[in-house]
Every structure is written in C-alpha cells, then in structure tokens.
Number of protein chains: 2
Amino acid sequence: MLTTERKALLLDALGKEGRIVAKEFSQKLGLSEDTIRRDLRELAGEGLLQRVHGGALPASKALKDLSTRRNVSVNDKAEIAKVAAGMVKEGQIVFLDGGTTTIRLARVLPKALKATVVTHSPDVVTALLDHPGVDVELIGGHIYKHSNVSVGAVAIEAISQIRVDLYFMGVTGIHVEHGLTTGDREEAAVKRAICRQAAETVVLGSREKLGAVSAYSVVGFDDVDGLIVSRKCSEDLLTPLRDLGMQIISS
Amino acid sequence: MLTTERKALLLDALGKEGRIVAKEFSQKLGLSEDTIRRDLRELAGEGLLQRVHGGALPASKALKDLSTRRNVSVNDKAEIAKVAAGMVKEGQIVFLDGGTTTIRLARVLPKALKATVVTHSPDVVTALLDHPGVDVELIGGHIYKHSNVSVGAVAIEAISQIRVDLYFMGVTGIHVEHGLTTGDREEAAVKRAICRQAAETVVLGSREKLGAVSAYSVVGFDDVDGLIVSRKCSEDLLTPLRDLGMQIISS
DNA sequence: AAATATCATGCAATATCGTGCAGCATGTGA
DNA sequence: TCACATGCTGCACGATATTGCATGATATTT
C-alpha cells in the first residue's frame, strides 16, 4: 500500500465519518498503529486534520463543528445543501456565503459542473479544490475570524464589481417581523452588498434559524427570492413567511 | 515492447485502477522495476501522473502536495518555518505566500503575536484562525487550484494597494544562473508584484529547491534580501549564492 | 493514586529510489 | 560490410523511505 494512498484514505474517512480512531484504522488496513499515528501526525503537521488522543478530527473549526455537534441540524444542513446544489445550472455564476451549510453545499456540487463560484470564504475555496469544472473567484478583505470570511471596505468594493446569477445566503436568524439577521455588523454589510449584485438570492435556513433573531439586520424578505428549509420544519413557522410572498423550498 | 506503448499502458492502468504499483507492473510486463520506474519518472516529468514512493497516482488528486513532501523535506520545512517565524517582529506587516512551507510558518507564529499577515492563500488564512493576535488581510482574485492561491489581475491590483514590511516568498526553483523560478506564469507575476510592495523579501528554500529550475522566472537575486535554508544543505550549493551577495540564514 | 491506554522517539530490517554503467539491438553513414 | 552512434534495458550500489518494535513519557480512566 502506498503511503500517499493511505493518507488519502484517512482524509476520506475523516470527511465521511467525522473522526478517525487510530486503532480501528490500523486493524482495518492490517498495519501497525504506529504507522497510522505517524500518518496522522504528518497530516496534522500539514494542517489537514487535527490530532486528538486516540485518533484525529477534522482540522477546520467549521468542519469540527459538523462532526462533533451531531445534532439533528447536521442532517438538516446536509439535506438543504443537496437541494441548493441542485438549483445551480450549467454556466451560472453563483455566490456562496461562508458558513457550515454553504461549505457543505460547495462539497456536494457536481464535480464536473461547469460554473463559476464567487465567495469570500476560504473554506469554500478549499471545498471546491477538487471540482475541476468549477471556476473559483475569491473576494479579499479583512478576515473576520469568528466566521472565517473576509469583510470590510475592501470586500464590499470587490463585490460591487461583480454580478452573480444566484446568491446562497446564510444567516443566523429568520424571523417574520425582524427579517433576516446575523451576528456581526460587518458580515451583515457584506451580505447586503452581495444581495445588491445578485439577480436572485436564496436563503439557506436550517431548522434552528427559523424564528430566531440576531443582532444585526441584513435585509427584509423583499430582497430575497427564496428560502430553502428542512423537510422537517413545522408548517406553523413557514406559513407566515409564505404570506409574505416568500417562495419556500422544502428539502 | 515500445516504450511509448508501455507508457500508454501505464496511463491506461492509472486511469482504470487509480494507482500504479511499480513492482506489480514490472511483474505483469516481465520487465525490471527500473524500467517501470524510469517510465513513471518521465511521465511525472510531463505532469501526466504523480510520482509517489512505491508507484504513482493520478496527477489531479488534490493531495498532490502531500506526496511531493517526502519525510526529510517535511522536517526541513518545519525547521525553516520556525526560523522564519522568529524573524517576525511585533507590529510588522508580513506577506505570506502560498505553499506548504509558508502554511507551516503561519502555524508556528506565536499565537499572541501582534502583527498583520497579508496573504493570497486561503490555507494560510485557515492556519491563522487560532492566532488571536494576528490580523489577517486576504487578497482576492481568481483561484489557481493547483496551488490554491488567488492570482490574476484582481490579485495584482489588490497587492499594489498595500505595503508590507516583510515578504516570505516560496518558490520551486533556486538556481545560481536562473535565479528564482516557479511553475506557473500567473503565480510568478503575483510574486513579482508582492516583491515590489515589500520592504524586505526573504525566500524560503527547502532542500530540494536548491539547484532546481522551473518554467517561469520570478525575480533575480538582486530583488531578494535573504534566503532561509535547511541546516543540512550542502555548502557546495550555498557558496555560489553567497558570492552573489545573498544573505543566507541556515536553520 | 494506580491502572490502563496512547503517545513520541530511536532503532533496525526491509523496500524502494536514483544513478552510473554495461550489454544489446537498431539505425546510419561511409 | 564495417564502424559508430543512439536508444533501451537490466544490474549494481549507495542513498532514502517505510515500517514495526521497544522504550520511556504522557494522557485518560477508575
């Protein structure tokens, strides 16, 4: 077995399972634990995963959240991401926000899809590295570490110079009265800027976002065209949004 | 058996199986491993596949950078990164290139260090997420997937608008006659642009880079101020560079 | 605190690598 | 035909990589 291949296996497994246990893997491959541990150490050295006692976890905080927080919402987000990915058509220019759902969305985009993705999230860029068909344009700016996206005047200036067909927006609050909200002023400003440049804006709303309100208002429902929510969302929360003219797509 | 025919076989098998083990193939064809290895080396030289210990893998795998990193070199790079990290002073504005060594450098920067890092590499951004003291500015542009950095007119425009104190440059070739070279035209242009904006430029050169030449010229030795190399680099390779006035820092 | 599990490191055995060299076939020009 | 060049192949050999084991250190659990 080629060591590179083994490392690829480890990363694959990590992506799928969300964790790696050194002992299990050594048995599965018929190699000593030392070898696996060595691999994990090296991969951790490259920043490709995070070493923990007994095995390894994904490196990026976004992904770590995905794997550790094994709540319902993870499945929700996976479903939403799949539905959203299906909306992207050949040749389109799509803007992907930062956030766990949009990263998943990036990952599940068809690898051969010919399209252009614009993003201000380094994580989305990384997720799209193995999508040969997808052209990626990165928006620069000041990195807001809490969300790992670029924000600020530079980002907004760069955004104002592009046009996109479709914008997948992530938010932390979706509320009938308060509209779409997020936890950071800068991020809200960036989202507004993208909205202005997008022919169509779709909000990705996993279950816990519905009915929630965060500190900073992004836009009202007038400025967005659709909302993708989990199949399991209660109708009670959705009908008032429908009444506001929102097109609701259920996974 | 014609060598071209054999190479075609190798590429075929690679496409079908996803990997090639030199030993197996030599037995299957009744040829020595040397011959197969020679073929693989040449195909790798043309970029048609990726050489790894024991055989070969497809060229396009995102893991490519993983495998080019042999173990020794990993240690080399770790040492170089540590030395470079020590050069960064409080309050400085530092530009970090893309590349494995600079990512390591980012990781080993003191977490509490108050400084600003400018980069066009999403991976560097990710590496700096848990450095609360470090402000990160991201340069946007078109993502060149092979290296996972942003390049192109947008990137160069953004770079021209900043000044940095110190630029850590990564290259793929460091050669007495041919100067500093890299494998992509766009990347070379970006590196040149950063050089222009930097008060001081330092090249990070792990062992295998010394004496190597790549396709695209970046700058000559006049435009860089220092070179950090592994302790284990032979003096034979270093003295000619010293004669050119390079300041060489050995790890 | 004791028991257990996991870890990092050094070391030795083995496998693989790259290079130089020689043998062999084929091609070429005189 | 002969002498020579060229290209391909296998072998030898020193260099490098990989792996498992031993060992003492560290972490986790009871």
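In what follows, chains carry the letters A, B, and so on, assigned in the order in which the sequence lines appear, proteins first and then strands, with residues in each chain numbered from 1. Given the structure is predicted, the values throughout are model-derived calculations rather than measurements.
One finds no side-chain N or O of B:R37 lying less than 4.0 angstrom from the OP1 or OP2 phosphate oxygen of C:dT19. Taking 4.0 angstrom as the limit, B:T35 places none of its side-chain polar atoms (N or O) nearer than this to OP1 or OP2 of D:dT9. Between B:K23 and C:dT16, a side-chain N or O to OP1/OP2 separation shorter than 4.0 Å is present. In terms of phosphate contacts, A:R51 brings a side-chain nitrogen or oxygen within less than 4.0 Å of OP1 or OP2 of C:dA8.
Computed from coordinates, the B:I36 CD1 to D:dG10 C1' distance equals 12 Å when rounded to whole Å. As a whole-Å value, the separation of A:L31 CG from C:dA15 P is 15 Å. Between the CD1 atom of B:I20 and the C1' atom of C:dC17 there is a distance of 17 Å, given to the nearest Å. Rounded to an integer number of Å, the gap from B:E42 CD to D:dG7 C1' is 11 Å. In this structure, A:E33 atom CD and D:dC21 atom P are separated by 11 Å, rounded to whole Å. Rounded to whole Å, the distance from CD on B:E24 to P on C:dA15 is 15 Å. The distance from atom CZ of A:R6 to atom C1' of D:dG20 is 12 Å, rounded to the nearest whole Å. To the nearest angstrom, P of D:dT18 lies 16 Å from CG of A:L29.
Direction of the helix axis in the helix from C:dA1-D:dT30 to C:dA30-D:dT1 shifts by 30° between the two five-pair termini, rounded to 10°.
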*In sequence, state the C-alpha distance, the side-chain angles, and the governing distance for B:I143 and A:E137, and then conclude on side chain to side chain contact (heavy atoms under 4.5 Å, CB included).*
CA-CA 6 Å; B:I143 294 293; A:E137 294 288 334; over 6 Å; no

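A donor-acceptor pair under 3.5 Å is absent between the side-chain atoms of A:T102 and the main chain of A:L105, judged by distance alone. Judged by distance alone, the side chain of B:T119 and the main-chain N or O of B:S121 form a donor-acceptor pair under 3.5 Å. Counting only distance, with no hydrogens or angles, the side chain of B:R192 and the backbone of B:S217 share a donor-acceptor pair below 3.5 Å.
The 5' end of DNA chain D is approached more closely, in terms of each residue's nearest nucleotide, by A:G30 than by the other of A:H53 and A:G30. Two residues, B:R38 and B:G54, neighbour DNA chain C, and the one matched to the more 5' nucleotide by heavy-atom proximity is B:G54.
Contacts of A:V21 with the nucleic acid, taken as non-hydrogen atoms under 4.0 Å apart, are absent.
Ring-plane geometry between B:H120 and B:F95 is classed as tilted, the angle between the planes lying from 30 to 60 degrees on a 0 to 90 degree scale.
Of all nucleotides listed (D:dT18, D:dG20, C:dC7), D:dT18 comes nearest to the side chain of A:T3. Side chain of B:R41, nearest nucleotide from D:dG10, C:dC17, C:dG18: C:dG18.
Annotation: side chain to side chain donor-acceptor pair (under 3.5 Å) contacts involving residues 13-27 of chain B, sequence neighbours excluded, comprise A:E5-B:R19.
Under 3.5 Å, the side chains of A:S147 and A:E187 contain a donor-acceptor pair of N or O atoms.
Using a cutoff of 4.0 Å between basic side-chain nitrogens and carboxylate oxygens, B:K7 and B:D39 are not scored as salt-bridged.
The base of C:dC7 has none of its N or O atoms less than 3.5 Å from a complementary donor or acceptor on the side chain of A:D34.
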